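Lettering of chains follows the sequences in order, A, B, ..., and the numbering in each one begins at 1. Only a predicted model underlies this, so the values are computations on that prediction, with no experimental measurement involved.
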Amino acid sequence: MRVVTIVEIDIPFCALTYSVAPCEAALGSTGSKKCFNTRRTCQDLDNFDPETLTVRFTEPSADLQYDALPNLVDVDTTPQRIDPGRSLGERESVTVSFSDHPHSDAGPVLFDKYIADRSYVPFDQGTFWGKFRARHTSLKGAALRIRRGALGDALEDMTVYHYVIESMSGPANSRFSITAKDELKLADGDRAKAPAISPGFLATAIDDSETSVDIAPSSAADDYPASGKLAIGGKEICSFTRSGSTLTLVRGESNTEAKSHEADERVQLVLEYDAESAADIIYDLLTTYTNVPASSIPLADWQTEVDENIGRLYSAEIAQPTSVRKLIDELIEQVGLVVWTDVRAREIRLTALRAITTTGTVYGVDRIVRGSYSAKEQPKKRISQAWTYYGQRNPLADLEDEQNYEFAAAAIDPDGTEVDYDEQPAIHEVFSRWILGTNRPAAESLNDLLIARYADPPRRFTFDIWASDTLPKLGLGYQISHFDLQTDEGADAVAGVQIVSVDTEPERAKYAAEEMTFSGVGPSGRTVFIDADSLNVDLRDLYDEIYAAPSNYDTITFVVSSGVKVGSDYPFDEYPPAMTVGDWPEGPTLKLINNGYIVGRGGAGAIVDDGFDGTDALYARYPISIENNGVIGGGGGGGGADATGESNGGGGGAGYQVGVGGTVFGDESRSGDNGTLETGGAGANANAGDGGDLGEDGEDGSPGGVVGGSAGAAINGVSYVTYDLEGDVRGAQIN
Amino acid sequence: MVILPSGASLPDNPRIGYDNLITAGSLSSDEADADFPLTNLENDASYPPWKGETAASQNIVAALTGAQTVDYIGLARHNFGTASITYTLEHASSSGGPWTSIVSNSPSDDRPILHQFTETTDSFFRLALSGMTAVPELAVWYLGQILVVERRIYVGHSPITLSPNRRVSTGRSENGQFLGRVRRATTYRARISLQNLDPDWYRNNLDPFVDVVDSQAFFWAWRPESFADEVAYCWADEEPRPANQRSNGMMQWDLSIQGIV
């Protein structure tokens with residue numbers, strides 16, 4: 001495979017023309033030469049009107065096919081590292097290096113609109129990057145994208161990785177480089193603080209009992225809301241209402257003492273969060289206090305994840321401008337979250353710290369690139385005791401002083417793993433400004449979560465997968481096996497892992513993964529998530545990947561996440577259901593929450609005979625309650641063939657996998673259409689039957705004697721099902 | 001490809017096309033894409049190209065500084081093959097014509113072209129493009145006098161068009177499975193070795209080329225009549241140095257090159 005790398009940069013150029021209204025620049029008046037339509041060279045900044053133009057670069061090669069400057073030398077990526085339940089981890093950094101060369105100042109992006117007015121020949125004077133650097137002060141904050149694909153791919157079909165430019169360097173020794181980071185870099189403390197610093201200060205001194213004071217300067221008054229809380233001089237928190245520049249105060253709030261204050265002491269607005277979901281808090285921090293666009297945050301997914309897995313609310317008073325990164329790190333640790341940037345989707349992902357179901361895909365010695373595997377113990381990650389201090393007294397006092405907290409909750413690993421470590425405890429302390437004193441369950445649950453995840457310190461694996469393989473994705477769960485991964489009998493073992501780092505190169509992807517070792521009780525009871533499209537799911541098998549054998553009293557919840565499809569695989573002569581409840585001992589209570597699609601495989605359309613049957617969606621022979629917020633549908637039956645004897649294929653039934661239309665090889669006009677997820681495909685002609693929609697039989701072929709396939713059942717075993725919400729069920733419900 | 005005039009002398013002696021009378025500001029055209037203007041054709045860079053705006057017949061005119069004698073054109077990074085473009089080189093004494101045809105060709109591919117013809121002297125030369133099925137593109141147009149090397153090249157030479165240099169990574173799994181090969185980029189490299197050069201010939205003909213080879217790309221055809229497809233648009237990897245080869249003063253000369261083919 002011939003791989004191609006293309007780097008794109010969005011560069012701001014002024015859309016106006018020099019000296020043409022509204023541009024008020026004029027030769028001899030505002031400058032001795034025309035600008036270059038960049039902010040750095042603009043002679044009328046009041047009217048600078050930037051539009052984004054995209055420049056592309058690629059590697060020099062004899063088989064160059066794309067409109068891109070062939071001066072790309074190297075793309076060096078340091079991948080982001082997810083830090084589950086601890087922090088935002090490390091940012092992904094990409095440094096792109098270019099060679100320098102003469103340039104005509106023209107090209108896919110016309111760098112110089114006024115070439116004809118210049119007194120020199122651009123190709124003969126200077127170099128591309130030398131001139132570029134002189135014309136652009138900085139590209140910080142501009143978008144940079146890396147596209148990777150195969151030679152011949154259209155740009156829009158390539159895999160794209162999204163970054164934000166951090167800095168430029170050069171040219172030096174005919175080289176120029178640009179460094180960019182993933183979008184969460186925008187939350188760093190050097191550029192994002194919450195609350196923002198307030199501009200006002202006390203106009204006059206006040207003693208410890210006065211309740212009215214003016215803010216100065218008067219122009220700063222509008223930066224304060226009509227009411228709220230503020231911190232004066234970093235010493236006292238007051239509630240206030242404001243009328244014009246005058247504040248009316250309630251002194252000594254939030255466990256601070258009323259004090260005397262001098263004139264000019266700063267008046268800082270306090271940022272308050274009051275009983276809010278962690279998803280909403282982080283969303284507010286990122287969209288209000290950083291340049292992260294709201295479009296990068298799938299808030300509804302965040303809210304669902306947090307509501308279903310955490311279910312608790314959090315509060316805080318932040319009295320000093322504080323790094324947004326630090327605040328989010330606190331929430332990640334104190335709530336139990338995992339947050340990272342999906343640089344391909346240009347979205348920020350958030351999940352609860354929980355067991356991740358593996359997709360069943362095993363990456364073993366057949367697929368792991370030679371010499372790339374390693375396994376490393378991480379003893380420092382072990383936690384055998386979790387102590388959480390909560391119920392913060394004074395938002396202005398030291399965050400990490402135990403005296404500043406009214407309450408503490410402590411948990412010790414119930415499985416007694418300390419005995420395996422020479423009785424040495426591994427204590428992890430959390431100082432939580434976000435957990436109120438009345439919220440002991442949140443503190444206890446956090447302790448349980450930390451111990452469940454880290455009592456057995458997870459190993460860290462590294463391995464590479466070749467680019468032509470199906471590549472694992474950051475944040476998701478998989479299984480790995482290797483000669484060096486063994487059971488206590490020396491047999492090959494399989495480890496469930498969560499991908500915490502991906503470094504994608506043209507020929508391979510390099511992975512770091514953490515072993516998932518949730519012991520004891522999981523972070524939210526016993527919940528199993530199906531986060532990725534899956535086939536032939538057995539709920540018992542999924543459960544056994546994550547948890548110990550179920551007890552009589554367990555309530556086990558299975559969640560098909562929003563947008564996810566669960567379906568059936570081939571071969572044609574077998575009819576596995578999309579989802580099987582599986583075999584369970586007597587006792588556990590099972591619940592299924594479907595937010596996606598549980599649908600059978602569509603039946604194939606026939607070529608000369610009857611259409612094939614679709615498969616069942618859900619097969620149950622054990623009691624289960626269902627809350628169906630998505631779709632449960634039997635696979636549509638395949639359409640019958642043209643019954644006149646002409647070979648014209650029937651349409652495929654709807655489902656996942658879709659039913660394939662009856663195919664006449666070499667003649668597409670006589671082949672039936674494939675079904676889609678919800679709709680059956682059309683027959684090749686009027687005599688060939690259409691495939692059935694979800695839950696519907698395929699159409700018979702005309703004029704008769706050829707029948708369409710039967711639809712699969714939506715529920716096979718409905719007598720075992722109790723509906724909390726029946727929702728959209730398509731097809732028969734039997735047995 | 002290389003095209004020689006009929007009856008060309010020394011048809012299998014190497015040709016070097018480096019002389020170029022086209023300079024900045026000397027070109028005009030009927031059409032030019034705003035993002036790919038004609039200025040792109042006034043230098044030796046193979047990217048970005050000049051592009052027309054439509055697939056209609058159109059012309060590019062080179063205005064020389066007075067009457068000049070030329071006997072070749074070099075064209076590189078074009079789409080004349082895939083766009084079925086016929087080019088005709090014409091000359092006139094004024095920009096408005098009348099135009100007289102010199103040579104014409106309809107390339108079958110997009111590879112570099114070195115087209116030699118009978119010497120022609122005039123002030124204006126026009127590249128007329130016609131018959132196209134797509135918008136024309138051209139990054140390099142040389143117009144000047146060809147350098148015919150004194151001696152042929154015989155054994156030991158690797159034609160650049162047959163010498164790809166590919167960056168390849170091969171994947172093997174832990175248990176020895178073949179995971180595939182990934183190719184990153186391809187360049188073409190070769191070494192030109194000329195021997196038994198007359199000292200006067202070297203000083204009068206090759207040395208002027210050596211003066212510019214470090215700053216300018218050139219066309220290279222090592223055996224034009226026998227292997228007409230083996231033409232490349234090249235640039236030097238190093239500074240060439242001649243050496244006295246024999247006691248009678250004959251010289252040898254080597255140059256490492258990269259190119260597009």
Region of [X] in contact with chain B, defined by heavy-atom distances below 4.5 Å:
X: A/Phe483; answer: side chain
X: A/Glu59; answer: side chain
X: A/His101; answer: neither
X: A/Val121; answer: side chain
X: A/Pro102; answer: neither
X: A/Ser372; answer: backbone
X: A/Arg2; answer: both

Report summary line: Most contact-rich option vs chain A, by heavy-atom pairs under 4.5 angstrom, among B/Pro164, B/Ser169, B/Pro49, is B/Ser169
Requested in this report: For chain A, find which of B/Gly259, B/Gly25, B/Gly180, B/Gly176 contributes the most heavy-atom pairs closer than 4.5 angstrom.
Outcome: B/Gly180
Requested in this report: Say whether B/Asn43 and A/Ser104, considering side chains only, have a donor N or O and an acceptor N or O under 3.5 Å apart.
Outcome: no
Does some side-chain heavy atom of [Y] sit less than 4.5 Å from a side-chain heavy atom of [X]?
X: B/Glu42; Y: A/Phe123; result: no
X: A/Trp466; Y: B/Val182; result: yes
X: B/Lys51; Y: A/Asp67; result: yes

Check whether [X] gets within reach of chain A through its side chain, its backbone, both or neither, counting any heavy atom under 4.5 Å.
X: B/Arg166; value: neither
X: B/Gln177; value: side chain
X: B/Ser46; value: neither
X: B/Arg172; value: both

Requested in this report: Look at A/His482, A/Arg367, A/Arg508 and state which one has the largest set of heavy-atom pairs under 4.5 Å with chain B.
Outcome: A/His482
Report summary line: Smallest heavy-atom separation, B/Leu179 atom then A/Asp366 atom, equals CD2-O, 3.6 Å
Report summary line: Residues B/Pro48 and A/Ala106: closest non-hydrogen pair is CG-O, 3.9 Å
Query raised in the report: Where the side chain of B/Tyr47 meets the backbone of A/Pro70, is there a donor-acceptor pair that is under 3.5 Å apart?
Result: no
Query raised in the report: Is a side-chain N or O of B/Ser173 found less than 3.5 angstrom from the main chain of A/Val365, in a donor-acceptor match?
Result: yes
Requested in this report: Look up atom CG in B/Leu38 and atom CD1 in A/Ile115, then write down how far apart they are to the nearest 0.5 Å.
Outcome: 11.0 Å
